[in-house]
Amino acid sequence: MKQELSALLQQAVEAAFAAGHLRPTGLPPVELETPKIATHGDFSTNVAMTMAASQKRAPQEIAGIILDHIEDPDHLLSKTEVAGPGFINFFIAREKWYEVLKAVHKKDTAYGTSQVGLGKRIQIEFVSANPTGPLHVGHGRCAAVGDTLAAILKAVGYEVEKEYYVNDSGRQIYTLGRSVFLRYCQLLGNTIDFPADCYQGEYIQDLARMLIDREGERLLDMPEEEAVMICAKFAADEILAGIRQDLETFGVSLDQWFSEQSLYDSGAVEAVIQDLKSQDIIYEHDGALWFRTTDFGDEKDRVVVRANGTTTYFAPDIAYHKDKFERKFDCIINIWGADHHGYVPRISASIQAMGYDKAQCRIVLVQLVNLLRGGKPVAMSTRAGEFVTLKEVVDEVGRDAARFLFLWRHHESPLDFDLELAKQQSNENPVYYVQYVHARISNILRKAAERGYKEIDWHDDFHEILTLPEEIQLIKLMSRYPEVVALSARLMEPHRVPFYLKELAAAFHAYYHDRNKHKVVSDDAKLSAARLYLVSAIRIIIRNGLTLMGVSAPDIM
RNA sequence: GCGCCUGUAGCUCAGCUGGAUAGAGCAACGGACUUCUAAUCCGUAGGUCGCAGGUUCGAAUCCUGCCAGGCGUACCA
């Protein structure tokens with residue numbers, strides 16, 4: 001609908017140029033918007049105003065000229081007008097809206113998809129939590145945002161690969177091994193003062209117990225270094241398996257698990273350091289190796305290899321991003337917790353230093369989650385190892401509610417997640433509000449089938465039947481769904497999908513509720529058929545939208 | 001100190017990257033269940049869009065400076 005009109009409009013401007021009625025200044029970007037107020041039409045454009053300066057004429061006058069050149073052989077438009085400071089308002093002919101309804105049914109699960117990303121490959125990396133502890137709620141938000149964004153990008157045609165970067169190397173893994181080893185020793189009767197810089201959580205002791213079951217006491221007889229390494233390997237594997245399981249339960253599946261250690265094993269880390277050193281991008285100072293990130297906009301240079309010879313986390317990350325670029329994606333997306341934002345200039349610098357286009361790497365920062373229960377903050381302290389895990393949240397409120405609510409905010413806004421509210425079955429909880437539409441319509445379809453109305457097909461006489469303003473309004477709302485998906489892909493803002501669904505759900509609930517006026521299944525066979533066609537289209541969109549979000553669309557609630 | 005994010009109704013937040021009269025939900029108040037599921041709906045009320053300037057036909061949106069909150073600012077991850 002919008003595209004068709006956009007084409008008409010563009011042709012009109014070109015025709016005006018050709019006829020010499022407007023100075024051929026080159027085509028301005030033609031933006032069509034849906035006005036907030038119904039009396040301003042179905043679509044409006046401000047081209048006349050944006051052209052005013054270059055045309056050196058009044059916007060109203062330009063608008064008139066453009067309208068004079070509009071050709072509308074298919075009678076898409078019922079009315080046009082110049083309004084206000086120079087807007088052109090377009091009113092779509094009522095009959096044309098039924099095309100939307102037909103398209104929804106015809107495309108079905110594909111309604112909302114588009115082709116803008118066709119032929120392009122995107123890699124999206126998210127969660128990537130260290131395998132030193134279970135996933136917590138913050139990771140859950142990143143997982144929901146990343147997974148949904150991936151689905152949205154797929155819907156607009158991109159080939160998408162989802163990846164998890166596993167930090168299975170370095171100091172934090174060593175600390176993990178040491179933590180487990182010390183608990184292991186404690187459990188076997190040794191008195192040990194458990195250090196503050198070790199992982200404090202209860203899960204460390206669980207791992208130590210598992211290790212005792214598996215290995216007995218034999219680690220006590222080994223050199224400590226060796227024992228710690230065994231503990232580290234064991235613990236990281238166990239924790240990673242748990243992370244995979246938690247993500248699986250959460251409905252998130254990754255295409256690729258990329259090991260940090262593999263970058264060391266293949267020599268990639270060493271190679272990229274040597275390469276950058278030979279270009280004097282990495283230099284030596286105070287016994288350490290530094291990256292000249294300040295040459296690329298960072299506020300200070302960063303250490304890559306410490307004076308003691310060990311690498312910082314930055315070193316493998318450089319190699320990792322090089323690897324990503326070498327895999328020839330058109331775009332790579334990193335989804336990080338906002339607490340990592342200080343790291344952005346560094347990565348950006350390293351990408352530029354290696355000669356890649358930094359615009360091809362997009363970093364999405366997801367703000368933190370404040371966990372509440374009944375409006376009161378749930379105490380969490382990572383240091384003391386007291387945090388609420390993603391698993392606990394999903395177990396308590398369910399996958400659907402958790403995923404929906406994690407997406408219920410712009411990702412750059414901090415999110416209050418209330419456990420009580422997430423379980424509540426009321427208007428306050430948008431999850432059930434939206435799902436309820438699907439269940440209601442499913443129920444209508446069941447009732448209809450019982451009454452013998454089994455076919456959901458288009459008939460041309462629906463033009464004369466679905467004529468109520470609120471019915472046309474619903475169809476107009478449905479026509480916007482593909483734009484919502486496309487916009488949310490372009491801006492990488494998945495929250496637009498649940499917001500749209502909420503709007504569509506509200507419109508449906510209102511329509512449904514006036515049951516004297518809008519009864520779908522009635523004795524009037526033609527009316528029933530038409531309305532079944534209408535509401536089942538709504539059901540399709542609700543289901544498609546929820547599917548993008550990884551939320552189920554139940555038939556009964 | 002510097003950097004990033006946020007500041008919109010009493011509360012929680014949208015606002016289509018500059019448009020016409022700023023929108024939802026909750027809370028408050030008043031209504032609607034003989035029904036295709038009330039996990040719902042209808043109505044009323046609620047605003048100097050943090051503050052002050054600037055840019056232009058037009059600003060919640062862009063620019064500058066303040067104010068407040070969060071996060072970051074390591075040879076930690």
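Once the 5.5 Å centre distance and the 30° plane angle are applied, the aromatic ring of A:H40 is found stacked with the base of B:rA20. Residue ring and base: A:F87 counts as stacked with B:rA20 (centre distance below 5.5 Å, interplanar angle below 30°).
With B:rC16, B:rC75, B:rU12 as the choices, the nucleotide that has an atom nearest any side-chain atom of A:R496 turns out to be B:rC16. When distances run from any side-chain atom of A:Q367 to the nucleotides B:rU17, B:rC5, B:rU40, the shortest one goes to B:rC5.
Nucleotides of RNA chain B nearest to A:R490 and A:V305 differ in position, and the one nearer the 5' end is that of A:R490. If A:R515 and A:G170 are placed on RNA chain B by their nearest nucleotide, the residue sitting closer to the 5' end is A:R515.
Considering only side-chain N and O atoms, A:H495 lies under 4.0 angstrom from the phosphate OP1 or OP2 of B:rG15.
Within residues 517-532 of chain A, the residues that have a heavy atom under 4.0 Å from RNA chain B are, in order of number, A:H518, A:K519, A:V520, A:V521. Across residues 291-302 of chain A, A:E299, A:K300 each have a non-hydrogen atom less than 4.0 Å from an atom of RNA chain B (numbered order).
Between A:D42 and A:K476 there is a salt bridge, with a side-chain nitrogen of the basic residue lying less than 4.0 Å from a carboxylate oxygen of the acidic one.
Not a single donor-acceptor contact under 3.5 angstrom links the side-chain atoms of A:D317 to the base of B:rA77.
Annotation: cation-pi pair A:K277/A:Y283 absent, no NZ/CZ under 6.0 Å from the ring centroid and within 45° of its normal.
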